[in-house]
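Quantities reported herein were computed from a predicted structural model and do not represent experimental measurements.
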Amino acid sequence: MSTAASNVKHQASRAAESKPLEYLARGGFIGYGIIHLLFAWIALQVAMGGSGQDSDQSGALQEIAKQPFGKTLLIVIAVGLGAMAIWQAFEAAIGESGPQDTRAKAERVLNGARAILYSYLAWTAVKVVQGADSSMGDSNAGMTASLMDSDGGRILVGLVGLVVLGVGVGMAIYGYKKKFKRHLKTQEMPAGTRKPIIRLGMAGYMAKGTAYAIAGLLVMSAALNYDPEKARGLDAALKTLAGYSWGVWLLVLIAAGIAAFGVYCLAQSKYRKI
């Protein structure tokens with residue numbers, strides 16, 4: 001590694017270890033947990049046939065905005081999510097110490113993906129505060145429609161669906177195998193809470209993975225059938241499930257899993273390695 005690159009990595013490492021950034025990122029996990037708890041509540045309402053709003057993270061952000069002091073809370077959440085995005089971007093840039101094997105390189109890619117996700121959620125929160133109707137589902141459907149009107153667009157949409165399906169399956173496996181444990185300070189957890197927190201993480205990742213896998217299948221279906229409305233992401237996935245008698249029960253389980261992930265995020269605010 002060149003001296004310049006080494007200096008850049010050293011400075012990035014120092015920035016990533018900044019205490020103010022750590023405190024903001026930990027606060028971001030609290031906000032992320034609140035978003036998922038509301039997301040789970042909306043998904044449960046969809047299962048019971050009582051909600052027409054977006055059943056994804058943007059719907060949760062819009063629900064927060066409706067509450068007293070909701071926009072103030074959204075600003076705080078956006079700052080926390082922004083800090084999480086910066087932290088994950090630094091983690092993607094510098095990687096773990098030690099040999100950069102396949103697992104370490106894959107983790108850097110995941111960190112980069114998380115940085116993009118947290119940035120997007122922070123931006124969506126800001127748009128909601130500004131009064132915009134920031135619907136992830138509408139955005140996804142609009143981009144899909146534009147892509148499918150271009151040459152080779154349907155193939156690209158199909159590939160995106162395949163990637164989302166893969167992300168969902170990978171997320172479910174990540175949870176089932178408890179791979180998230182390596183990011184937790186498990187030795188600092190009280191003995192009575194360690195297993196429950198890990199089980200919450202397992203349930204949460206598996207539920208989110210299932211939802212993303214269904215969303216990926218729907219995006220692939222949108223490409224095959226030229227139906228952009230099926231490419232609304234998690235919103236379409238959960239509302240499609242609600243249309244089947246068996247799907248309602250699966251949707252209830254997914255909602256419970258997303259709620260578990262929300263509680264797990266609250267635990268991460270204290271026990272996540274940052």
Side-chain angles (χ1 to χ4, degrees), residues 20-47 50-51 53-88 114-137 171 175 180 183-184 189 193 196-209 211-212 233-235 238 251-272 274:
L21 180 61
E22 177 185 342
Y23 295 145
L24 286 172
R26 292 196 185 282
F29 274 114
I30 295 174
Y32 200 45
I34 292 170
I35 290 171
H36 279 81
L37 289 171
L38 285 171
F39 179 13
W41 172 242
I42 294 169
L44 186 59
Q45 288 181 302
V46 170
S51 175
Q53 68 189 107
D54 290 339
S55 51
D56 56 19
Q57 292 96 328
S58 63
L61 292 170
Q62 289 160 13
E63 186 65 26
I64 293 172
K66 296 175 185 175
Q67 309 308 313
F69 306 105
K71 290 190 175 181
T72 301
L73 178 57
L74 278 180
I75 292 171
V76 174
I77 288 174
V79 171
L81 288 170
M84 290 170 70
I86 294 169
W87 160 54
Q88 287 293 279
R114 292 184 188 113
I116 294 170
L117 172 62
Y118 297 148
S119 297
Y120 182 55
L121 285 174
W123 176 80
T124 302
V126 171
K127 297 295 287 184
V128 172
V129 170
Q130 293 174 340
D133 183 17
S134 296
S135 167
M136 291 181 178
M171 192 179 293
F180 57 87
H183 297 301
L184 299 174
M189 295 178 183
T193 63
I197 289 173
I198 291 170
R199 286 171 180 165
L200 286 169
M202 287 180 66
Y205 277 111
M206 291 171 68
K208 286 188 67 177
Y212 274 105
L234 293 176
D235 179 55
L238 301 186
L251 182 49
V252 169
L253 288 174
I254 289 174
I258 292 171
F261 188 81
V263 178
Y264 171 70
C265 286
L266 299 180
Q268 282 192 96
S269 68
K270 183 174 183 180
Y271 297 114
R272 186 68 154 81
I274 296 179

* Asked: Taking the side chain as C-beta and beyond, is there a heavy-atom pair between Gln268 and Phe180 under 4.5 Å?
  -> no
* Asked: Between Phe261 and Phe39, does the ring centre distance come in under 6.0 Å?
  -> no
* Out of curiosity, Ile258 CD1 to Leu253 CG, how far, rounded to the nearest 0.5 Å? -> 11.0 Å
* To do: Can you measure from NZ (Lys71) to CD1 (Ile77) and round to the nearest 0.5 angstrom?
  => 14.0 Å
* **Spatial distance of atom CD1 (Ile254) from atom CE (Met206) [nearest 0.5 Å]** => 11.5 Å
* Structure fact -> The reported gap from CE in Met84 to CD1 in Ile274 (rounded to nearest 0.5 angstrom) is 7.5 Å
* Does the pair Leu266 and Phe29 meet the rule for a side-chain contact (heavy atoms from CB on, under 4.5 Å), with working shown? -> CA-CA 6 Å; Leu266 299 180; Phe29 274 114; over 6 Å; no
* **Gap between atom NZ of Lys270 and atom OG1 of Thr193 - 0.5 Å precision** => 8.0 Å
* Asked: Minimum heavy-atom separation for Ala259 to Ala40, with atom names?
  -> N-CB, 3.5 Å
* Side chains of Gln67 and Leu73 in contact at under 4.5 Å (non-hydrogen atoms) -> no
* What's the shortest heavy-atom distance between Gly82 and Ala122, and which atoms? -> N-CB, 4.0 Å
* To do: Hey, could you give me the CG/CG distance between Leu81 and Leu61, rounded to the nearest 0.5 Å?
  => 8.0 Å
* Asked: Heavy atoms, side chains only, cut-off 4.5 Å: are Trp87 and Arg26 in contact?
  -> no
* Asked: Closest heavy-atom contact between Ala260 and Gly204?
  -> CB-N, 4.4 Å
* Exercise: identify the closest heavy-atom pair between Tyr32 and Cys265 -> CD2-SG, 3.6 Å
* Please confirm whether the backbone N or O of Tyr120 pairs with a side-chain atom of Thr124, one donor and one acceptor, at under 3.5 Å? => yes
* **Minimum-distance pair of heavy atoms, taken over all atoms of Ala60 and Ile42** => N-CD1, 3.6 Å
* Side chains of Tyr264 and Leu184: does their closest heavy-atom pair fall under 4.5 Å? -> yes
* Asked: Can you name the closest pair of heavy atoms from Leu21 and Ala83 and give their distance?
  -> CD1-O, 3.5 Å
